[in-house]
Participant: 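The structure follows.
No hydrogens, no waters, no symmetry mates; every other heavy atom, side chains included, goes into these values. The model shown is predicted, which means the values in this text are computed figures rather than measured ones. Positions are given from 1, in the same order as the sequence printed here.
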Amino acid sequence: MVGRDELLAWCAQALNVAAFKDYAPNGLQVEGGHTVRRIVAAVTASKAAIDYAVAEGADMLLVHHGMFWKSEPVPLVGWKRQRIAALLAHNINLVGYHLPLDAHPEWGNNAQLAALMGWETEYTCGEQGLLSVGIWPQGGTLADLTAQLYGKLARAPVAAGDMGRTIRRLAWCTGGAQGWFQTALEQGVDAYVTGEISEAQFHLANETGVAFVSAGHHATERYGVQALAAALAAQFGVETVFFDEQNPA
């Protein structure tokens, strides 16, 4: 068991939260109890994740996608009220880390995806260092890369480009980073891997010869929050469990 504020202070320092400009608050988003014994980790603070945290008797729901995004309506009505009401009724702390968790060199979504896939990170670049660039040591074709992603993530990727193209040098950014394809192109890579694809990326891939792979927003971001939860378990001796949803997006 650990004090909530001690845990939050440790996370803020370890994730270097103050260095990031983000689209949602990082850290405590809904206040629950003052002590933490059991944490449920999840990608998103969905109602399903909250209900699971309630069923598990959790003191904290730790997520990558929290609440109160800049693009969302402010009033606490409808689905947002239902989520918050459930957290408050069961005294569960909602804690979210977005960009700081994406970028962390050990627990981050980019770092964890690379470890899962066996990619070697050479450097990070782009806005707030959120784009990773490196090597796929075993190499292979675009078809091989998509097959490996499918095997590891259990979600069929969408690929744009020549499936027979040889791939060795990669750029990647988990989640919804399709807009960073141009930045990836500037790194001289053979392929760019992210979580989502928009209409424009198909044309850029075909016209530049650099493959674009959408491997799933949820699928590519399952691992950072699990790594952070494991770090908290090691640091504070708290119990942790991961809740996963079969989200195809």
Participant: Answer yes or no: is there a donor N or O on one side and an acceptor on the other, between the side chain of R155 and the main chain of H218, under 3.5 Å?
Facilitator: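 Not confirmed, R155 side chain does not pair with H218 backbone.
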Participant: If hydrophobic clusters are built from ILVMFWY residues whose side chains come within less than 4.5 Å, do L7 and V225 share one?
Facilitator: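 As far as the 4.5 Å side-chain criterion goes, V225 and L7 are connected within one cluster.
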Participant: Would a 4.5 Å heavy-atom cut-off, applied to side chains only, mark S71 and Y23 as touching?
Facilitator: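 No, their side chains stay 4.5 Å or more apart.
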Participant: Side chain of S132, backbone of N110: donor and acceptor closer than 3.5 Å?
Facilitator: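 Absent.
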Participant: Between the side chains of Q187 and Y123, is a donor N or O closer than 3.5 angstrom to an acceptor N or O?
Facilitator: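 Y123 and Q187 do have a side-chain donor-acceptor pair below 3.5 Å.
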Participant: Report yes if some heavy atom in the side chain of V95 is under 4.5 Å from a heavy atom in the side chain of Q29; otherwise report no.
Facilitator: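 They are not in side-chain contact.
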Participant: Decide if the gap between the ring center of F212 and the ring center of F202 is smaller than 6.0 angstrom.
Facilitator: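 Aromatic pair excluded; centres sit 6.0 Å or further apart.
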Participant: Looking only at heavy atoms, what is the nearest atom pair of P157 and V213, with distance?
Facilitator: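 Of all heavy-atom pairs spanning P157 and V213, the closest is CB-CG1, 3.8 Å.
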Participant: Going by atom types alone, do Q178 and S198 pair a side-chain donor with an acceptor below 3.5 Å?
Facilitator: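 Side chains of Q178 and S198: pair found under 3.5 Å.
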Participant: Which pair of heavy atoms, one from C173 and one from Y192, lies closest together, and at what distance?
Facilitator: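 In terms of heavy atoms, the two residues are closest at CB-OH, 3.6 Å.
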Participant: Which value, rounded to the nearest 0.5 Å, describes the distance between D102 atom CG and Q112 atom CD?
Facilitator: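 One finds 12.0 Å between CG of D102 and CD of Q112.
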Participant: Which pair of non-hydrogen atoms, one from R37 and one from G57, has the smallest distance, and what is that distance?
Facilitator: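 Minimum heavy-atom contact is NH2-O, 3.7 Å.
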Participant: Ignoring hydrogens, what is the shortest heavy-atom contact between A49 and T44? Give both atom names and the distance.
Facilitator: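 So the two residues come closest at CB-O, 3.4 Å.
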Participant: To the closest 0.5 Å, what do you measure between CG (L28) and CE (M60)?
Facilitator: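 Going from CG on L28 over to CE on M60, the span is 7.0 Å.
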Participant: So R165 and T141, do their side chains get closer than 4.5 Å, heavy atoms only?
Facilitator: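 Result no, sub-4.5 Å side-chain heavy-atom pair not found.
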Participant: Taking G195's backbone N and O only, do any of them form a donor-acceptor pair with S214's side chain (distance below 3.5 Å, no angle check)?
Facilitator: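 Flag set: sc S214 to bb G195 pair under 3.5 Å.
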Participant: Do the side chains of W107 and L116 join up, straight or via other hydrophobic residues, at under 4.5 Å, putting them in one cluster?
Facilitator: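 W107 does not cluster with L116.
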Participant: If you measure from the Lys or Arg side-chain nitrogens to the Asp or Glu carboxylate oxygens, is any gap between K21 and E127 under 4.0 Å?
Facilitator: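 Looking at E127 together with K21, the answer is no, because their closest N to O distance does not fall below 4.0 Å.
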Participant: Taking T194 for the side chain and A177 for the main chain, is one N or O donor matched with an acceptor at less than 3.5 Å?
Facilitator: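 Checking the backbone N and O of A177 against the side chain of T194, a donor-acceptor pair under 3.5 Å is found.
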Participant: May I ask you to test the T124-L131 pair for a side-chain heavy-atom distance under 4.5 Å?
Facilitator: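 In short, these two side chains do not touch, never coming nearer than 4.5 Å.
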Participant: Given I92, which of V40, V54, V30, D59 fulfils the side-chain contact (heavy atoms from CB on, under 4.5 Å) condition?
Facilitator: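 With I92 as partner, side-chain contact (heavy atoms from CB on, under 4.5 Å) holds for just one option, V54.
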Participant: Under 3.5 Å, side chain of D22 to main-chain N/O of L99, donor-acceptor pair present?
Facilitator: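 Indeed, once roles are kept as given, a pair shorter than 3.5 Å links the two residues.
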Participant: Check step by step if side-chain contact (heavy atoms from CB on, under 4.5 Å) holds for T240 and I39.
Facilitator: CA-CA 5 Å; T240 65; I39 297 174; 4.1 Å; yes
Participant: Carefully, step by step, assess V43 and E245 under the rule side-chain contact (heavy atoms from CB on, under 4.5 Å).
Facilitator: CA-CA 8 Å; V43 176; E245 292 184 76; over 6 Å; no
Participant: Would you please test E221 and L113 for side-chain contact (heavy atoms from CB on, under 4.5 Å) and show each step?
Facilitator: CA-CA 8 Å; E221 296 196 325; L113 180 62; over 6 Å; no
Participant: When rounded to the nearest 0.5 angstrom, what is the spacing between NE2 in H98 and CG in L15?
Facilitator: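 Interatomic distance, H98 NE2 to L15 CG, rounded to 0.5 Å: 13.0 Å.
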Participant: Mind checking the CD-CZ spacing from Q226 to R222? Nearest 0.5 Å is all I need.
Facilitator: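 With rounding to 0.5 Å, CD (Q226) is 8.5 Å from CZ (R222).
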Participant: Where is the tightest heavy-atom contact between N93 and G33, given as atom of each residue plus distance?
Facilitator: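 Between these two residues, the closest heavy atoms are ND2-O, 2.9 Å.
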Participant: Under a 3.5 Å threshold, yes or no: a donor from one side chain and an acceptor from the other, between H104 and N109?
Facilitator: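 Note: H104 and N109 side chains miss the donor-acceptor criterion.
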Participant: Would a line drawn from the ring center of H65 to the ring center of H217 be shorter than 6.0 Å?
Facilitator: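 That pair passes the under 6.0 Å test.
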Participant: Do K152 side-chain atoms and A147 backbone N/O form a donor-acceptor pair below 3.5 Å?
Facilitator: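 Here the side-chain-to-backbone pair does not exist.
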Participant: To the nearest 0.5 Å, what is the distance between CH2 (W136) and CZ (R168)?
Facilitator: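 Reported value, rounded in 0.5 Å steps: 10.5 Å.
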Participant: Would you compute the distance between atom CD1 of I167 and atom CD of Q148 and round it to the nearest 0.5 angstrom?
Facilitator: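 Spacing of CD1 (I167) from CD (Q148) equals 12.0 Å.
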Participant: Group every Ile, Leu, Val, Met, Phe, Trp and Tyr by side-chain heavy-atom contacts under 4.5 Å, then state whether I50 and Y52 land in the same group.
Facilitator: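 Same cluster.
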Participant: Would a 4.5 Å heavy-atom cut-off, applied to side chains only, mark T174 and Y223 as touching?
Facilitator: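 No. Closest side-chain heavy atoms not under 4.5 Å.
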Participant: Please determine, by modelled atom types, if D5 and H34 share a side-chain donor-acceptor pair under 3.5 angstrom.
Facilitator: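 No - no donor-acceptor pair under 3.5 Å links their side chains.
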Participant: Quick one, F68 and L76 - any side-chain contact, counting heavy atoms below 4.5 Å?
Facilitator: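 SC-SC contact between F68 and L76 confirmed.
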Participant: I'd like to know if the side chain of R38 reaches the main chain of V238, judged simply by a donor and an acceptor atom lying under 3.5 Å from each other, with no hydrogens or angles considered.
Facilitator: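 Answer holds: no.
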Participant: If you compare all heavy atoms of A86 against all heavy atoms of K47, which two are closest, and at what distance to 0.1 Å?
Facilitator: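 Nearest heavy atoms, A86 then K47: CB-CE, 4.4 Å.
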Participant: Are Y97 and L232 linked, directly or through intermediate hydrophobic residues, by side-chain heavy-atom contacts shorter than 4.5 Å (ILVMFWY only)?
Facilitator: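 Yes.
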Participant: Can you check side-chain contact (heavy atoms from CB on, under 4.5 Å) on W172 and T220, steps first, answer last?
Facilitator: CA-CA 10 Å; W172 63 94; T220 58; over 6 Å; no
Participant: Any side-chain heavy atom of E56 sitting closer than 4.5 Å to one from V241?
Facilitator: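 Yes, close enough: below the 4.5 Å cut-off.
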Participant: When clusters are formed by joining ILVMFWY residues with side-chain heavy atoms under 4.5 Å apart, either directly or through shared neighbours, do F236 and L101 land in the same one?
Facilitator: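 Yes: a chain of side-chain contacts under 4.5 Å links F236 to L101.
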Participant: Flag the pair V133 / C125 as yes when at least one side-chain heavy-atom distance between them is below 4.5 Å, and no otherwise.
Facilitator: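 Sidechains of C125 and V133: in contact.
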